[in-house]
Protein chains: 2
Amino acid sequence: MKEPVPDVVIQRLPMYAHMLRALKEVGVESIGSRELGAVLRTTPAQIRKDLSYFGKFGKQGMGYNVGQLLDELTQVLGLGRPWPLALVGTGRLGRALIEHKGFVDDDFRMVAVFDKSPRRIGKKLGGLVIQDAAELEQIVKERGIAICIVAVPPGEAQRVIDAFVRAGVKAILNYAPIVARVPKSVQLRQITPLHSLQSMTYYLKSEYPTSGSAAKSRADGKTRGSGV
Amino acid sequence: MKEPVPDVVIQRLPMYAHMLRALKEVGVESIGSRELGAVLRTTPAQIRKDLSYFGKFGKQGMGYNVGQLLDELTQVLGLGRPWPLALVGTGRLGRALIEHKGFVDDDFRMVAVFDKSPRRIGKKLGGLVIQDAAELEQIVKERGIAICIVAVPPGEAQRVIDAFVRAGVKAILNYAPIVARVPKSVQLRQITPLHSLQSMTYYLKSEYPTSGSAAKSRADGKTRGSGV
DNA sequence: CCGTGTGAACCGCTTCACAGCG
DNA sequence: CGCTGTGAAGCGGTTCACACGG
């Protein structure tokens, strides 16, 4: 209910909104923090606390009105309008992202696609003509694009990000596995599935011991099916 | 450096390893926590503390040997061996994930691909024959697959995840935007780019005020170019 | 001396517990 | 009475600062 809302809270909001949308569609009109917490796998306290940063949306003894709370969160997150998006990189990843329509909904609309390869420039992709990455800065400025998606090879990612920043972009979703540098005023989210895999293995290595690797041989290492 | 290593620490390790690999390739043989922190955009203290959970890898006054530290982290994370991977869902997303080779490196190898659509079963994808999702449980068990990737539509994701869990899988990378349920013994990582976008907009909405949204009409809303 | 390893201080998020309102 | 909203306690991770080793 004060100014500095913790970052983690903001990042949980989309999940809340997502669930509320689902509940609304199913016809649920009202829900308590206990139930919402159960379905979201968090605690009721967490939910109440999170929401309290933005106002008082519930009625004591009654819980929250699903539709109303969804509207509030939509408002808080700045959604409910079509943010224009740009994407650079139309390799497999970029094409998949566009065609998969993972983000094209009411809140986002892809309005520009770039690539630097002459082979691709001029072709159409997802209803848009692929434009020369050299014109990125100008076009992004012209169209007032605030959010962009980077799907180029690692070696080019920082260059592309710099161009976006110069163009005034304020939020970047980066799929390239690099440690990107952006001004503090620019939001950056990293999508690096390989790192997710590499951290999960930490928890697995005891159950699935090495078959040889570092040096110490291990006769069998067949711990697998056991826990199943 | 005791037993319960914080989860966040584990999740930073892949980034450290990644950077060390890059440094090694460039020929850097030794690095201090200060420099490593600078390039990774963290603090030296953080790095030293993180590493201290696993042992003493540095030499005072000298910093860390890049190659050696990389080996240690590889060991800690349980990498340096080819973990077999399975993927379900060969729609645009699934195909892109496979063909993009985002995770196929020395540490991971895709060994099975599933789909439930008869149109796709039997076709080849990334050198593998797409198999009937109905056989998922059996095949995953047979091949001792511990990690899997879910790239099916939201409505099917939980079912698929349940099947994987029954098959004994211990780590799941899920691309479907759902609140997945898994036993605590199973690692789960969620890749939900849309939520990343939806949380970034929170920080943008003040700079790019609404053009209309929730109800209140707003004559123009052309605040765009200003901040650029 | 320089830089690591680390206990201790610090800070921020989470959880608790209860006052207050429907 | 039930459940929200919230100050305060609890807890875990980050940062500090310094002892110690090369």
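Just so you know, these numbers come straight off a predicted model, no measurement behind them. So that the names make sense, note that chain A is the first sequence line, chain B the second, and so on, each numbered from 1.
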Check your understanding: With respect to the phosphate group of D:dG2, does any side-chain polar atom (N or O) of A:Gln60 fall under 4.0 Å of OP1 or OP2?
Key -> no
Revision key, fill the gap. Rounded to the nearest 0.5 Å, the OH atom of B:Tyr175 sits from the CD1 atom of B:Ile149 at a distance of 6.5 Å
Check your understanding: Counting distance only, does the side-chain N/O of B:Arg143 pair as donor-acceptor with the main-chain N or O of B:Val111 below 3.5 Å?
Key -> yes
Check your understanding: B:Pro6 side chain: which of D:dG13, C:dC16, D:dC3 is closest?
Key -> D:dG13
Revision key, fill the gap. Out of C:dT4, D:dT15, D:dT14, minimum distance to the side chain of B:Tyr64 belongs to C:dT4
**Study point:** Length of the CG-C1' vector between B:Asn65 and D:dG22, whole Å
**Key:** 15 Å
Practice item. Please report, rounded to the nearest Å, how far the C1' atom of C:dT15 is from the CG atom of A:Asp50. Key: 12 Å
Review point. Quick one: is A:Arg34 getting a side-chain N or O under 4.0 Å of the D:dC3 phosphate, OP1 or OP2?
Key: yes
**Study point:** B:Glu72 CD - C:dT4 P separation (whole Å)
**Key:** 16 Å
Review point. Within the side chain of B:Glu35, is there an N or O that forms a donor-acceptor pair under 3.5 Å with the backbone of B:Gly32?
Key: yes
**Study point:** Under-4.0 Å side-chain N/O to phosphate OP1/OP2 contact, A:Arg12 with C:dT14
**Key:** yes
Revision key, fill the gap. With the side chain defined as heavy atoms from C-beta on, A:Gln46 is closest, among C:dT15, D:dT6, D:dG13, to C:dT15
Review point. Tell me: CG of A:Leu51 to P of D:dC3, nearest whole Å?
Key: 16 Å
**Study point:** Phosphate OP1/OP2 of D:dG5: any A:Lys59 side-chain N/O under 4.0 Å
**Key:** no
Point to revise | Gap separating the NZ atom of A:Lys49 from the OG1 atom of A:Thr42, nearest 0.5 angstrom | key: 15.5 Å
Review point. D:dC3 phosphate, OP1 or OP2: any side-chain N/O from A:Ser33 under 4.0 angstrom?
Key: no
**Study point:** Euclidean distance, atom CZ of residue A:Arg48 to atom C1' of D:dT6 [Å, nearest integer]
**Key:** 9 Å
Revision key, fill the gap. To the nearest angstrom, the NZ-P distance between A:Lys49 and D:dT6 comes to 8 Å
Exercise for review: Output yes when A:Arg81 and A:Asp107 qualify as a salt bridge under the 4.0 Å nitrogen-oxygen rule, no when they do not.
Suggested key: no
Check your understanding: How do B:Gly58 and A:Asp7 order along DNA chain C: which one's closest nucleotide is nearer the 5' end?
Key -> B:Gly58
Check your understanding: What integer distance in Å separates A:Met62:CE from C:dC21:C1'?
Key -> 13 Å
Exercise for review: Take atom NZ of B:Lys56 and atom C1' of D:dC20, then tell me their distance rounded to the nearest Å.
Suggested key: 9 Å
**Study point:** Proximity to the side chain of A:Ser52 - top-ranked nucleotide from D:dG5, C:dT14, C:dT6
**Key:** D:dG5
Exercise for review: Check whether any side-chain nitrogen or oxygen of A:Tyr53 sits under 4.0 Å from OP1 or OP2 of C:dC13, and answer yes or no.
Suggested key: no
